[in-house]
Amino acid sequence: MAITMMRELRKSLADNLGPDDVISSVEALHMAPTGVDGLAGDETYCGKPTADMERTGYQPGEADRLWLPPHMSSWECRTCGDALRPL
């Protein structure tokens with residue numbers, strides 16, 4: 001089963017820029033099933049819509065048991081992680 005890592009972003013106004021300047025930072029990393037078209041499905045494994053998320057460049061391999069690299073673990077969506085651990 002192919003999965004796609006999605007980045008949920010937190011948007012906030014930058015302090016040193018104008019009031020309309022938005023900066024983004026990572027809120028959480030989620031996983032979604034990948035469709036036959038190679039795109040992420042409509043929802044992540046935790047049920048959040050993927051429409052407002054960004055796809056990351058990371059793609060776990062078939063043999064990888066970790067869906068998330070260790071250096072990214074602070075952003076792990078625990079619900080997506082729990083859903084993928086039995087796989």
Side-chain angles (χ1 to χ4, degrees):
M1 170 179 59
I3 54 177
T4 302
M5 182 186 287
M6 303 297 291
R7 183 183 300 123
E8 179 183 4
L9 298 176
R10 177 183 331 129
K11 305 234 184 228
S12 59
L13 293 178
D15 293 335
N16 59 348
L17 301 172
D20 295 328
D21 292 322
V22 176
I23 55 173
S24 297
S25 58
V26 176
E27 177 74 24
L29 294 171
H30 300 274
M31 281 293 185
T34 305
V36 293
D37 56 4
L39 300 175
D42 293 336
E43 290 186 346
T44 63
Y45 284 99
C46 67
K48 290 192 173 194
T50 58
D52 293 334
M53 295 185 188
E54 291 180 353
R55 183 179 182 154
T56 68
Y58 178 76
Q59 184 67 41
E62 289 288 327
D64 292 342
R65 299 309 295 164
L66 293 175
W67 71 271
L68 187 65
H71 70 280
M72 296 178 165
S73 63
S74 63
W75 295 301
E76 177 186 20
C77 168
R78 299 285 182 211
T79 305
C80 285
D82 290 346
L84 290 169
R85 278 183 185 68
L87 299 179

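For the numbers below, each heavy atom of this structure counts, side chains included, while hydrogens, waters and symmetry mates do not.
Residue pairs that meet the salt bridge (charged side-chain N to carboxylate O under 4.0 Å, His left out) test with at least one member in residues 26-48, sequence neighbours left out, are Glu8-Lys48, Arg10-Glu27.
In terms of heavy atoms, Met6 sits closest to Ala32 at CG-CB, 4.4 Å. Minimum heavy-atom separation, Gly38 to Arg55: O-NH1, 2.8 Å. The heavy-atom pair separating Cys80 from Cys46 by the smallest distance is SG-N, 3.6 Å.
Side-chain contact between Thr44 and Met53: present, with at least one pair of heavy atoms (C-beta onward) separated by less than 4.5 Å.
Interatomic distance, His30 NE2 to Thr4 OG1, rounded to the nearest 0.5 Å: 14.0 Å. In this structure, CE in Met31 is found 4.0 Å from CD1 in Ile3, a value given to the nearest 0.5 Å. With rounding to the nearest 0.5 Å, the separation of CG in Leu9 from CG in Asp52 is 10.0 Å.
Under a hydrophobic clustering in which Ile, Leu, Val, Met, Phe, Trp and Tyr are joined whenever their side-chain heavy atoms come within less than 4.5 Å, directly or via other members, Met72 and Tyr45 fall into the same cluster.
Side-chain heavy-atom separations under 4.5 angstrom define the hydrophobic clusters, and Val36 shares its cluster with no other residue.
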